[in-house]
Amino acid sequence: MRSLWGTLGGLWIAFSILAMSTALCAQALAPSAVPSTTTPPQTEEETIVPTFETQKLARTYILDVPAPRGQITDRNGESLAQNRLSYNLAINFPTPLDFSDAQALSFAREKIDRTARLIGRRLKISDEAILRHYRNRGVMPMEIAQNLSQLEYEQIKNNPPPGVIVRPIYVRVYPNGKVAGQIIGYTGKTGRNPDGIVDNHETLWPETEGREGLEQTFNEMLTGKHGEYKLTFDKDGRKTSEKLITPPDPGYNVVTTIDLRLQQLAEKALEAKAKRGAIVIIDPNNGDILALASWPTYDPNLFVPSISVEQLKLLQDDKDIPLLPRAYRSSYPPGSTFKIAVGIAALESRAIQPDDEYQCVPSIQIGNVTFHNWKKGNRGALNFVQALTESCDTWFYQVGIRTGAQPIIDWALALGFGAKCGIPLRGEAEGRVPNDEYMKATHGRRLLNGDIANMSIGQGDIQVTPLQMAQAMGVVANGGTFYQTRLVQQVQTFDNQIVTAYSVRAKRTLNLSSETLDELHTGMIDVVNSAGGTAHQASLDNAEVAGKTGTAQWGPKNKERTAAWFAGFMPADQPRYAFAALYEGDVGSKVHGGSAAAPMIADVFKEIYKSEKVVGQRQRREREQPEVRRAEPVEEEDESD
């Protein structure tokens with residue numbers, strides 16, 4: 001991975017030049033970007049021992065210098081969160097502090113007014129704030145303007161009014177804007193600028209702390225270690241020296257598993273085709289999360305150095321909830337994508353054989369309720385591959401009831417549904433796989449055949465997150481190995497020394513039979529590539545996609561929304577990516593997995609595979625196998641599920 005030294009070193013050089021140019025103004029030194037590589041000089045410092053008469057004025061302060069936060073990067077070293085130099089303006093009151101209140105106000109007002117005219121910004125500072133600072137902490141610079149724009153900085157950097165200093169500090173910056181914002185999170189100040197009596201080991205300016213995402217989870221490691229800055233005053237209250245005695249150590253860097261390009265492509269596809277939704281892409285061979293995209297999202301730079309009340313209200317009041325990371329914090333009914341789990345349960349429990357056929361009729365009666373297929377026509381007798389390809393609901397009602405609730409529940413849990421994936425982000429939803437205990441507590445009854453029929457097509461009380469769905473597709477793609485999903489590879493120092501590593505870990509093996517895997521893979525390939533499939537819009541010229549569409553309704557009656565899914569893996573013969581795409585529809589809208597979610601996956605992987613030749617099973621299957629007989633087509637569009 002690319003070394004982070006370049007970025008940190010650049011900041012350190014910039015700071016060093018600035019620090020030297022402003023040292024004559026008795027400026028408080030800003031933090032170093034990297035630990036000192038030289039032996040601390042042996043200084044001959046004055047030691048003032050206050051007497052009874054002089055102790056009110058002679059003093060030494062040791063103040064803490066906040067360290068620059070560590071970076072957050074993608075798997076290739078591309079920065080997702082880093083630091084930049086920001087500039088504040090402050091007044092330096094002369095020592096000793098013997099101004100009257102009127103003199104202190106006059107001194108401060110003259111500096112504030114001249115500065116405001118020079119930078120073209122209105123500076124509102126009350127007399128009370130000026131006097132409180134002067135009386136309690138006049139030996140410290142008083143900030144009058146924060147976070148200068150580039151134009152403001154250019155106006156004042158070379159010619160600040162006498163007594164006004166330019167103070168460089170580090171602030172967080174997210175170089176990719178909105179991209180991965182809900183993964184990275186954001187930072188906020190730990191408090192306001194102090195205005196009380198100066199205490200030893202108070203910080204020179206407020207620190208920042210992680211408030212969401214990885215910034216919050218890894219806050220302690222990202223924060224770094226304070227440096228120490230020494231201020232000394234003589235018996236008359238005059239400042240005699242100020243120096244950095246211990247440089248701060250920068251925080252550790254967090255290296256994620258995210259692939260920035262894939263994340264960008266996923267968010268671009270969502271922005272273009274979904275008002276709300278999510279795309280998750282996982283490496284099925286090790287569980288690494290390559291993209292964890294939700295839409296809408298927000299730009300974490302809005303929170304630097306702090307977000308305005310108006311901006312925060314806009315985010316909080318947005319009906320599309322941009323602060324909600326749908327990829328892992330929201331759960332939805334999976335619709336027909338869950339037929340993969342039902343198929344595994346039916347085949348592995350021997351409730352059916354691969355060649356067993358069941359009628360794909362327009363509807364069937366279960367108890368006193370009529371359950372419909374999503375297509376009105378009679379599709380005839382279908383085997384498993386054909387039923388999965390065409391997503392026949394009535395076929396799965398019959399097979400689900402024949403299999404029984406418990407095998408379906410057991411295999412759903414084995415695939416990771418109904419449990420948190422365990423990523424280091426707070427608020428992950430665990431979803432739900434309903435069982436008898438849940439049904440009795442919620443509905444006052446055990447699971448009945450109607451409930452099993454509903455669950456067999458991913459409807460009813462079952463809920464999954466997009467992350468869980470991609471995780472399950474990874475298990476199917478790699479042949480049955482359940483890897484712990486991994487969002488962070490390691491935590492390391494600025495010079496790439498590993499502090500903590502999060503290794504690839506196989507949690508369990510599902511021991512799926514080769515026959516079941518062959519049936520699943522064949523059916524999922526046909527979903528995308530055969531005439532009767534429901535996901536033609538996910539088909540690519542340069543790679544073979546295997547997947548399953550799904551469409552489900554959820555929400556209170558008369559306010560139901562539609563969740564449209566497409567989940568699977570690619571390339572079909574040697575999977576490198578497992579994915580789940582979710583399109584969250586508006587109330588009353590009619591959207592479908594094949595037409596709403598599948599095209600988003602196509603948009604992402606067209607870019608990835610545009611220069612590669614097709615290598616997959618489709619060509620071999622066309623050469624080696626005769627065309628499978630299909631039921632006669634019906635009038636409805638074939639991509640509604």
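These numbers come from the heavy atoms of this one structure, side chains and all, not from hydrogens, waters or symmetry mates. We count residues from 1, following the sequence as given.
- Trp565 contributes no side-chain N or O that, together with a main-chain N or O of Gly335, makes up a donor-acceptor pair within less than 3.5 Å.
- Remark: the backbone N or O of Asp288 is not paired with any side-chain donor or acceptor of Arg486 at under 3.5 angstrom.
- Between the side chain of Thr562 and the backbone N or O of Gln553, no donor-acceptor pair lies under 3.5 Å.
- The environment of NZ in Lys313 is sparse: at most 12 heavy-atom neighbours from other residues, nucleotides or ligands sit within 6.0 Å.
- Note that CG of Asn435 and CZ of Arg446 are 13.0 Å apart. Values are rounded to the nearest 0.5 Å.
- With rounding to the nearest 0.5 angstrom, the CZ atom of Phe569 is 6.5 Å from the CD1 atom of Ile525.
- To the nearest 0.5 angstrom, Tyr438 atom OH is 11.0 Å from Ile462 atom CD1.
- Put simply, the side chain of Asp74 never gets that close to the backbone of Asp259: no donor and acceptor are under 3.5 Å apart.
- No side-chain heavy atom of Thr297 sits less than 4.5 Å from a side-chain heavy atom of Leu270.
- Of the possible donor and acceptor atoms, none in the side chain of Ser331 sits under 3.5 Å from a partner among the backbone N and O of Ala429.
- The neighbour count for Glu437 CD, taken as heavy atoms of other residues, nucleotides or ligands under 6.0 Å away, does not exceed 12.
- Cation-pi geometry between Arg211 and Tyr186 is not met at under 6.0 angstrom from the ring centre and within 45 degrees of the axis.
- Gln484 places a side-chain N or O within donor-acceptor distance of the main-chain N or O of Cys421, the cut-off being under 3.5 Å.
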Would you check, one step at a time, whether the test ring pair (Phe, Tyr, Trp, His ring centres under 6.0 Å) holds for Phe566 with Phe579?
-> CA-CA 8 Å; Phe566 181 58; Phe579 56 79; 5.4 Å; yes
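- Of the possible polar contacts, one joining the Gln468 side chain to the Ala419 backbone as a donor-acceptor pair under 3.5 Å is found.
- Minimum interatomic distance between Pro575 and Ala477 (heavy atoms only, all atoms of both residues): CG-O, 3.5 Å.
- Under the 3.5 Å distance criterion, the side-chain polar atoms of Thr217 are matched with a main-chain donor or acceptor of Pro424.
- Closest approach of Gln359 and Gln398 over heavy atoms only: O-NE2, 2.9 Å.
- Between Val280 and Gln471, every side-chain heavy-atom pair lies at or beyond the 4.5 Å cut-off.
- Using modelled atom types, one finds no donor on one side chain facing an acceptor on the other under 3.5 Å when comparing His443 with Asp451.
- The closest side-chain heavy-atom distance from Glu78 to Gln263 is not below 4.5 Å.
- For Tyr252, the OH atom is loosely surrounded, since the number of other residues' heavy atoms within 6.0 Å does not exceed 12.
- Side chain to side chain, Thr534 and Thr549 meet the donor-acceptor criterion of an N or O pair below 3.5 Å.
- Rounding to the nearest 0.5 Å places CG of Asp355 at 9.5 Å from CD of Gln386.
- Side chains of Ser391 and Lys375: no donor on one and acceptor on the other come within 3.5 Å.
- Considering only heavy atoms from C-beta on, Thr394 comes within 4.5 Å of Cys360 through its side chain.
- The two residues Pro571 and Tyr609 make their nearest non-hydrogen contact at CD-OH, 3.2 Å.
- Within the structure, side-chain hydrogen bond (donor to acceptor under 3.5 Å, both in side chains) contacts touching residues 343-352 (residues at least two apart or in different chains) are Glu348-Ser513, Glu348-Thr516.
- Below 30°, between 30° and 60°, or above 60°: for Phe371 and Tyr397 the angle between ring planes is above 60°, a perpendicular geometry.
- Aromatic ring orientation, Tyr502 versus Phe218: perpendicular (interplanar angle above 60°, classes split at 30° and 60°).
- Environment of CD in Glu560: crowded, with over 12 heavy atoms of neighbouring residues, nucleotides or ligands closer than 6.0 Å.
- Looking at every heavy atom in both residues, Val475 comes nearest to Leu510 through CG1-CD2, 3.7 Å.
- Here the shortest heavy-atom pairing between Ala470 and Ala578 reads O-CB, 3.8 Å.
- Asn176 places a side-chain N or O within donor-acceptor distance of the main-chain N or O of Ser79, the cut-off being under 3.5 Å.
- Between Tyr298 and Glu212, the side chains place no donor N or O within less than 3.5 Å of an acceptor N or O (distance only, hydrogens not considered).
- Side-chain contact between Pro296 and Arg326: present, with at least one pair of heavy atoms (C-beta onward) separated by less than 4.5 Å.
- Residue pairs meeting the side-chain hydrogen bond (donor to acceptor under 3.5 Å, both in side chains) criterion with at least one partner in residues 399-425, sequence neighbours excluded, are Tyr358-Arg402, Gln406-Asp410.
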Audit row: Asn76, Arg261, side chain to side chain contact (heavy atoms under 4.5 Å, CB included) steps and yes/no = CA-CA 10 Å; Asn76 300 309; Arg261 186 180 179 217; over 6 Å; no
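- Checking each of Val433, Ile457, Ile408 against Phe338 for a side-chain contact (heavy atoms from CB on, under 4.5 Å) leaves exactly one that passes, namely Ile408.
- In this structure, the side chain of Gln182 does not engage the main chain of Leu292 through any donor-acceptor pair within 3.5 Å.
- Side-chain contact between Lys548 and Ser336 is present, with heavy atoms from C-beta onward closer than 4.5 Å.
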Residues Thr187, Glu215; criterion side-chain hydrogen bond (donor to acceptor under 3.5 Å, both in side chains); working and verdict | CA-CA 7 Å; Thr187 59; Glu215 291 275 32; 5.1 Å; no
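- The side-chain heavy atoms of Leu290 and Ile258, taken from C-beta on, include no pair separated by under 4.5 Å.
- With a 4.5 Å cut-off on side-chain heavy atoms, Trp554 and Glu584 count as touching.
- Listed here is the closest heavy atom pair of Ala581 and Ile279: CB-CG1, 4.1 Å.
- Here Met221 contributes atom CE and Gln492 contributes atom CD; the two are 12.0 Å apart, rounded to the nearest 0.5 Å.
- The structure places CD of Glu515 at 11.0 Å from CG of Leu520, a figure rounded to the nearest 0.5 Å.
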